[in-house]
Amino acid sequence: MKTTRKKTFLEQCQDRFPQGWDEALRLVIGDFNVLEPAHTPRYRFFQTFEYAFYESLRVGGYRDAFRTLHPGALEYSWVGRTGDGYRYDHAHVSTGLAAALRDCTYVHDVRTGDNRMTDHSALTVSLALSPVAPLPTTTLDGADAEASAPS
């Protein structure tokens with residue numbers, strides 16, 4: 001049942017992702033529990049549909065942000081009890097966003113540090129973009145940031 005649920009989820013995602021070949025700025029980021037086909041080490045228990053999902057992003061015009069910037073790096077965002085590492089967490093940028101990609105790194109401290117928050121490493125993506133319009137912001141107490149800014 002778990003495998004069927006995962007396969008159905010990945011198929012639904014794949015069906016709903018817009019193509020990434022145009023100039024639209026799209027970022028697909030998340031923990032899909034899939035590996036890139038060339039993942040090192042290679043785990044025999046991963047199924048064809050899992051690798052196919054990852055590959056469908058490339059075929060659809062998206063680039064793996066981390067792999068684009070770090071072609072040979074061995075990074076793992078999740079490590080099992082046996083010490084086996086997996087790069088489960090991914091960020092993929094559309095063709096239109098690829099030129100703005102500046103950095104993509106894993107932050108392992110949230111998984112490995114003394115104040116561990118999760119069993120997955122965080123993933124950061126840095127992009128060089130100019131905002132189209134300012135976004136409304138608030139202060140920590142909920143006040144409008146512009147209204148509370150000193151003159």
Distance-only donor-acceptor hits, side chain of residues 123-134, under 3.5 Å, sequence neighbours excluded:
residue: Thr124; atom: OG1; partner: Thr105; partner atom: O; Å: 3.3
residue: Thr124; atom: OG1; partner: Thr105; partner atom: OG1; Å: 2.7

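A cation-pi arrangement is present between Arg42 and Tyr51, with the terminal nitrogen or guanidinium carbon under 6.0 Å from the aromatic centre and inside a 45° cone about the axis.
By the neighbour-count criterion of 12 heavy atoms within 6.0 Å, atom CZ of Arg67 is densely surrounded, having more than that number from other residues, nucleotides or ligands.
Here Leu69 contributes atom CG and Arg63 contributes atom CZ; the two are 10.0 Å apart, rounded to the nearest 0.5 Å. Rounding to the nearest 0.5 Å places CG of Leu35 at 6.0 Å from NE2 of His90. Here the straight-line distance linking atom CG of Asp64 with atom CD of Glu36 works out to 6.0 Å at 0.5 Å rounding. Here the straight-line distance linking atom CG of Leu10 with atom OG of Ser56 works out to 8.5 Å at 0.5 Å rounding. The line from CG of Asp15 to CD of Gln12 is 8.0 Å long, rounded to the nearest 0.5 Å. Between atom SG of residue Cys104 and atom CD1 of residue Ile29 there is a gap of 7.0 Å, rounded to the nearest 0.5 Å.
Among all heavy-atom pairs drawn from Tyr76 and Leu74, the shortest one is OH-CB, 3.9 Å.
Residues in residues 13-32 take part in these ring-ring contact (aromatic ring centres under 6.0 Å, His included) pairs, two or more places apart or across chains: Phe32-Phe53.
Taking the six-membered ring for Trp and thresholds of 30 and 60 degrees, Tyr106 and His108 have nearly parallel ring planes, at less than 30 degrees apart.
Of the possible donor and acceptor atoms, one in the side chain of Arg116 sits under 3.5 Å from a partner among the backbone N and O of Thr118. Formation of a donor-acceptor pair under 3.5 Å by the Thr95 side chain with backbone atoms of Gly20 is found in this model. No side-chain donor-acceptor contact under 3.5 Å links Arg26 to the backbone of Glu23.
Side-chain contact check for Val34 versus Tyr88: every heavy-atom pair is 4.5 Å or farther apart. Gln47 places none of its side-chain heavy atoms less than 4.5 Å from the side chain of Lys7. Side-chain contact between His70 and Asp103: present, with at least one pair of heavy atoms (C-beta onward) separated by less than 4.5 Å. In this structure the side chain of His39 never reaches within 4.5 angstrom of the side chain of Phe46, judged on heavy atoms. With contacts defined as side-chain heavy-atom distances shorter than 4.5 Å, the pair Asp119/Trp78 qualifies.
Residue Tyr54 is not grouped with residue Val93 when hydrophobic side chains (ILVMFWY) are merged at heavy-atom distances under 4.5 angstrom, including chains of intermediate members. Both Tyr62 and Phe49 belong to a single network of hydrophobic side chains, linked directly or stepwise wherever heavy atoms of I, L, V, M, F, W or Y lie under 4.5 Å apart.
Checked for salt-bridge contact, Arg111 and Asp89 miss the test: no charged N lies under 4.0 Å from a carboxylate O.
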